[in-house]
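Note sheet for the following structure.
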Amino acid sequence: MSYVRFENVSFAYGDNQILKNFSLALEKNEIMCLVGPSGCGKTTLVRCLLGLNRPSEGEIYVGDTCVFSSKRRINVPAERRRIGIVFQDYAVWPHLTVKENIAYPLRKRKVPKPEIDRRVEEVLRLVRMSEYINHLPSQLSGGQQQRVAIARALMTSDDLVVMDEPITNLDAKLREQMLYEIRELQHNMGTTVFYITHDQRAALQLGDRIAIMDPQGELVQVGSDEDIILRPRTRFVFEFIGVTNFLALKRVDGQYRVDLGSTLAPWPAQVPPELQNVAVLDVGIRPNDIVFDSSSPFRGVVRRAVFLGSEYEYFVQAGDKSLRIQQGALDASLNGIAAEGSEVGLNFLNPQYYEAAREEGAR
Amino acid sequence: MINLRRKTRDLAVLDGRRRVGLDSIMTALSFVLLLVIVVTPISMIVYHAFFHQGQFSLDLIIDQFTRDTTVSAMWNTIKIAILVTIFGTIVGVFYAWLLGRSNIPGKKLMRFLFTIPYMFPPFLGAMAWDLLLNGRSGYLNRWLMKTFGLSSAPFNINTVWGIVFVELSYYFPFVFMQVVSALERMDPTLEESARIAGAKQGTVIWKITLPLVRPAISSGALLILISSLAHFGVPSILGFSQGIFTLPTRIYAVIARSGGSFEGIRQGAALSILLVAVVALALWIQQRVLRSGGYDIIKGKSMRPTVINLRGARIPLFILALTTLVVIVLVPLGMIFLVALVRAYGLPLIPANFTLANYQRIFTASGTLESIKNSMILSLSAGVITMLLGTMVAYVVQKIRPRGSSVLEIMSVLPYSIPGTVLAIGVILAWSGSLGLNLYNTLWIILVAYIARYLSFSMKTSSAALLQVHPSLEEAARTCGASHTESLRDITLPLIRPAMVSGFFLIFLPAMREVTTSVLLYGPYTRTLGVQIYSLRDAGMMPQASALGSVAIVLIIVVNSIVNALNQTRKGV
């Protein structure tokens with residue numbers, strides 16, 4: 001049985017339906033990253049789990065307990081759900097010291113004082129904040145405040161901690177470091193972490209599994225980083241997870257041709273058999289999956305070539321379309337660099353095909 | 001877009017005790033208390049102005065509005081308010097610029113001194129100027145007449161211009177403080193780029209700086225306008241003897257002359273309608289003006305403004321500023337303290353005539369001691385009650401946001417735009433028996449009036465503080481195992497405590513020196529400090545009035561320094 005389960009959860013702010021029959025399960029001791037564009041309902045889902053929002057329908061389980069069920073009229077109040085939370089804005093109480101902040105969940109549970117002292121010291125060591133025990137939050141940097149928030153969340157529960165965009169307010173370098181620390185912490189403690197972010201890169205870096213929500217609040221794919229990158233289920237996932245080129249394929253006389261606006265070009269790759277009767281297909285290709293191949297019938301002109309250190313980036317014009325291509329530095333040194341203005345042939349590796357019509361409506 | 005309004009409301013719903021939760025109790029309590037304290041007196045005025053013995057009738061209104069005394073009082077009110085506003089704005093902007101943007105010496109100290117008139121009770125100032133420049137017996141007038149052998153007094157403070165001058169010296173800080181802070185928050189590059197583009201210093205001030213602080217100027221100016229329209233103290237002290245009335249003093253006179261009879265109060269209610277109409281017109285103009293002047297160029301954080309070198313004008317302008325300070329702060333203050341020491345009013349102010357007998361008299365006279373005690377009780381309890389009530393209303397309006405919360409908000413800030421005189425009449429009409437509760441001649445009626453009058457102060461400061469408390473702080477407490485009530489007690493209340501304390505003093509200080517409403521509400525045993533000074537002076541006992549006035553000033557200064565000390569030592573945030 002999964003550790004945390006959302007079953008057909010629906011939620012609406014007035015007429016604005018945010019979640020509809022949303023289901024998701026978290027396994028014990030994993031880091032589950034929920035990724036989705038801003039405003040898709042991630043935070044609403046978390047608030048439903050915490051007991052800060054009341055879903056209109058559905059059931060939510062944590063371990064063996066049902067914390068919410070519309071059918072059975074169960075709604076455990078937020079203060080009795082015992083789920084640790086790290087908010088984006090830290091929500092560290094500015095009038096309390098680091099120690100008072102962290103001890104608060106224990107005090108509410110009437111833990112004896114010596115025990116509180118011991119556990120506060122222990123958790124502060126874990127987040128490496130021991131020397132700041134008597135500081136006020138106003139004396140701490142953003143990253144330090146976030147560590148206090150994490151420590152406090154761990155005090156609420158070392159079984160389940162929810163992190164809602166915890167590193168968004170930090171600068172780039174600190175973000176990397178915090179991701180690493182969260183990973184370490186989880187590894188050492190075995191806490192189940194439900195990590196919410198709109199940053200797909202952070203999710204790929206951190207998550208054991210990744211769940212992707214589309215802008216409509218639908219769960220579109222759950223899987224490991226490899227699943228998500230190599231086998232994106234929908235065009236949305238494919239686009240969301242990295243830089244992409246999209247081309248439209250048209251079936252003309254039983255052959256797929258690339259629609260370049262003014263002209264049709266031959267498509268050098270094979271369309272999978274199950275899609276061969278579809279009239280119009282969208283095909284997505286990552287910049288590093290496009291290779292120069294002088295024998296290919298698909299031709300284009302190099303408009304710009306930029307050296308980025310580890311790779312070259314090209315913008316190639318084909319008809320009315322501009323394609324973005326990345327070539328590793330090693331590959332470039334072996335096979336030569338395409339000069340600006342030269343005509344090149346292109347081949348496409350690992351293209352992802354999507355039925356155009358179906359995806360069109362969702363956009 | 002996620003609707004924050006609903007989000008916080010859900011917190012209460014999730015409390016489990018949906019029907020009798022803390023939130024619903026506070027909401028209901030806020031509505032009931034505001035209806036009783038604020039809406040009832042105001043509706044009573046409207047009712048009694050338009051209804052006579054249950055019948056709708058415009059007779060009273062028409063009769064009152066067409067009287068010569070009413071027309072001249074209205075004319076005086078408007079004339080004084082407009083003159084005070086114009087000159088107050090000029091003086092305020094000039095000194096704001098001088099102290100905010102020039103290299104005049106002693107800026108910090110002078111800035112503090114310029115805000116003193118703000119806490120000094122204007123009617124004491126009027127009293128001081130009357131002692132000095134009264135047309136018949138003013139000290140300065142008599143000295144000038146004797147020295148230069150003049151046959152008549154060179155100055156007369158008991159005129160419209162005298163009233164304008166005294167009100168001006170207490171109201172210009174409104175513009176001064178607004179403009180100084182706007183000048184400080186202005187991005188200096190705006191002015192620098194004008195200089196770089198080739199504009200002269202004068203052109204920059206005229207074409208760039210002034211237009212940019214225009215919103216601050218107009219909001220300060222309108223504050224002066226509205227305060228002056230409703231002002232009672234200065235015109236009553238300086239105008240009564242010469243028959244110069246404004247609407248607030250005319251209302252007082254009508255009621256005082258009728259000896260508190262119902263007919264007099266009804267006439268006062270009718271005049272109140274006129275005064276409210278004039279103030280409402282000013283408020284309407286304020287809304288229009290403030291809406292049109294929106295600049296985003298003034299930043300929230302402090303910048304280092306470009307300081308202008310005054311060169312040769314530096315010392316003369318410094319002397320001018322110093323003279324202004326001496327005239328508006330030192331002279332009235334000194335006058336009050338000196339006259340408090342003199343054996344009899346009219347004797348020369350020389351040490352031979354000085355005595356402490358006046359203090360001895362006021363501290364042994366039961367009426368005076370009683371008045372200090374009354375004012376202390378009233379200010380403390382009004383401060384505490386209003387602070388708690390205002391915070392509760394602010395929490396309901398900002399955090400719970402029930403249906404009709406905007407009505408609640410309007411109800412709580414309504415008395416702010418109702419002149420104190422008018423509010424007093426409403427309180428008399430509502431709480432002297434006609435609704436089954438007679439508080440007349442007790443301290444309670446004054447307390448109710450104070451609460452209504454100052455509610456908006458604490459409501460505003462607490463609202464601003466609550467807006468700073470992000471909902472996630474309370475939510476974090478909930479997830480840490482605190483109930484809704486506990487999260488309020490442990491997190492929200494401590495966070496807004498500094499604002500509540502300053503809200504308390506914002507009420508306590510003006511309540512200590514209040515005279516406008518209490519002069520209409522006091523009874524034989526419920527004189528307040530302001531009323532006592534006022535009536536001592538009315539009875540011609542100038543030295544005793546001054547002695548009591550000096551006690552009031554010392555009290556205000558002591559409390560104010562306590563506030564400042566508290567503000568500097570507060571912890572966190």
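By convention in this document, chain letters (A, B, ...) are assigned in the order of the sequence lines, proteins followed by strands, and residues within each chain are numbered from 1.
Remark: B:Lys107 NZ is packed, more than 12 non-hydrogen atoms of other residues, nucleotides or ligands lying under 6.0 Å away.
Contacts classified as ring pair (Phe, Tyr, Trp, His ring centres under 6.0 Å) and involving residues 485-504 of chain B (residues at least two apart or in different chains) are given here: B:Phe504-B:Phe508.
A salt bridge does not link B:Glu474 with B:Lys399: every distance from a Lys NZ or Arg NE/NH1/NH2 to an Asp or Glu carboxylate oxygen is 4.0 Å or more. Under 4.0 Å is where a charged nitrogen must lie from a carboxylate oxygen, and between A:Lys42 and A:Asp164 no such pair does.
A:Phe6 and A:Phe22 have perpendicular rings, their planes meeting at more than 60° on a 0 to 90° scale where under 30° would count as parallel.
Residue-level contacts of residues 151-159 of chain A with chain B, in order of numbering, are A:Arg152, A:Thr156; threshold 4.5 Å between heavy atoms.
For A:Val92, the part sitting under 4.5 Å from any heavy atom of chain B is the backbone (N, CA, C, O) and nothing else.
Separating the CD atom in A:Gln186 from the CD1 atom in A:Ile150 is a distance of 12.5 Å, to the nearest 0.5 Å.
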